[in-house]
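Inspection log for the structure reproduced underneath, given as structure tokens.
These values consider heavy atoms only, across backbone and side chains, with no hydrogens, waters or symmetry-generated copies. Every chain is numbered from 1, with letters handed out A, B, ... down the list of sequences.
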Amino acid sequence: MLGHLSTPELSSLLALSPSIDQIGTQERIARIQARSIKGAAKIQGLRMALSMIDLTTLEGKDTPAKVRQLCFKAQHLHDQAADLPTVAAVCVYPTMVGVAKKALGNSGIKVASVSTAFPSGQAPFEVKKLDTLYALDNGADEIDMVVSRGRFLSGDYQFVYDEIAAIKELCSTARLKVIFETGELDSLDQVRKISDLSIAAGADFIKTSTGKIQPAATFPVVLTMLGAIKDHFDKTGQMIGMKPAGGISSSKLALQHLLMVKEVLGEAWLSNEWYRFGASSLANDLLMQYQKQLTGKYQSAAYFSID
Amino acid sequence: MEVLKTYKLYIGGQFPRTESGRSYAVLSQSGQHIANACQGSKKDIRNAVQVARKAQASWAAKTAFNRSQIIYRIAEMLEARKGQFLEELQALGFDLKSATQEVETSIDRCVYYAGWADKYQALLGTVNPVASSHFNFSVPEAMGVVGVVACQQTALLGFISQVLPALIGGNSVVVIANQKLPLCAITFAEVLATSDVPGGVVNILTGSVEEMLPTLSGHMDVNALSLAQLDIAIVEKAQTEAVENLKRVMSYSIDFSQSRAQGLSYISDFQEIKTTWHPIEQIAGGAGGY
């Protein structure tokens, strides 16, 4: 495996993970949230957020028809508005990757597949491997894997590291997003530690949550993860992507997240190559706000397609 | 030193201050400063419509009997707070006699509309004769979110006379209260908050009609407007802005103290008629099943 770390090496790496100043984090977030984005900047921000969405359906009741419908929505966000961007990717279960791939054709929209026994990650590694290979064989461009939170919390860092590194190896050209499920990790220190661990193991993106558990992508958690990305970049010059997922359902929140990325990581991260929103209902709120900016009138959900 | 009360807004079952942070002085007829009220803004309207939309479906889905009980409960709570309303009206400059009359008529009107909850469907609904093998019937349904600009001449009665018919018919409402006489509207909100009306079904804002009405009439998620005693120019402007999503605009010029200021027609003003064609099965050449 590439750059594989031994247990002592991993321990010394994790020993360097800083502990997070919770009060300082909250104060910084409060300052970001106090800002107001209006006019042309708001329009630009809304368009940018739309282009960063991983339009997601991860339900037990998903059907090929539902996925095809979502793929149509991904390409036609709101045809009444001219020149809208498309979303970045459609995010589905491995069984739906083939359907999504075909429905999206050469639209340029990526297909992301959750993997490794999403959402719990409670399966033997062999199963996780097959899960991932199945998604890749069907054409997934991106793999969203979940980490073994139980193992992480009980201190078995080597196990978690090896798992991520092994899945990364399977991915070859597909980009790997590593989902932490921060709602299960209890403290910001843990979030920082697992961020450092995942980045060392080869994650291309780090992602907050599965969307199945609350709290999900809270500001403190996202800021902590952005800090890990920044420190890694300062040390190595290598960029890592960020994907908050779950709980970001309004334009206001999305714009505040963008502000935070710009402030912590800089302009380079403000594209869908390095930043994504995992969301299903966010798209329509962004579209409604966008229309509000253009027409001056508050919008009704009745005039926007559900998915 | 006398501390003057600042009356807050009523949105989603809560009493927030306006997001704009502004307030204005409420004066009695003799020009005395008797209280402060929130100067509501466009964004308050937006927030109110948002919660009104959320609350509407479950309000309309309640049984007619339950809605009746809740409106009747409002009458009971009004009765219990009668003294406070009388004080407020007198502070605003009404004499005791006309204040008493206004409050008592308001209570009567609550009881009156509470009684309509399980009856208007039967009177507004029809079975229609059609020339095919169909059972064809029409039923009234709530329109959705109704924007109300409360009567600018009365402090309580006009407000109640406009809000209740929309409410009993399963709509949720966003009300811009009487600009000069807002106290009773907010005290009425305190009544609502203690009478089982679910949060968000009635939302009450105070402030400038001129400033807030365009937001309401242009809002794509508001289904109808109820206006009263407004200048024709303001009504026409609201009608023009309402065109975009085909809002129904009702404009009343009636004196709400009259007994004909209540009735079934005020309920049907905010009902949409849905017609259903139901095929009638012909079994073994017999007569239709209906």
Is the count of non-hydrogen atoms from other residues, nucleotides or ligands lying under 6.0 Å from B:R17 atom CZ greater than 12? no
Heavy atoms of other groups near A:Q44 CD, more than 12 under 6.0 Å: no
Exercise: identify the closest heavy-atom pair between A:Q299 and B:H219: O-CE1, 3.8 Å
Around atom CD of B:E244, are there more than 12 heavy atoms from other residues, nucleotides or ligands closer than 6.0 Å? no
Output the distance between atom CD (B:Q50) and atom OG (A:S250), rounded to the nearest 0.5 Å. 9.0 Å
Residues of residues 287-298 of chain A with any heavy atom under 4.5 Å of a heavy atom in chain B: A:K297, A:Y298
To the nearest 0.5 Å, tell me how far B:M220 CE sits from A:F304 CZ. 8.0 Å
Taking a cut-off of under 4.5 angstrom between non-hydrogen atoms, the residues of residues 55-83 of chain A near chain B are none
Residues forming a salt bridge (charged side-chain N to carboxylate O under 4.0 Å, His left out) with B:R67, sequence neighbours excluded: none
With a 6.0 Å cut-off (strictly less than), is the heavy-atom count around CD of A:Q26, excluding the residue itself, greater than 12? yes
Crowding at NZ, A:K212 (>12 non-hydrogen neighbours, <6.0 Å): yes
With a cut-off of 6.0 Å (strictly less than), are more than 12 heavy atoms of other residues, nucleotides or ligands near CD of B:E210? no
Listed by number, the residues in residues 136-144 of chain B that come under 4.5 Å of chain A (heavy atom to heavy atom) are none
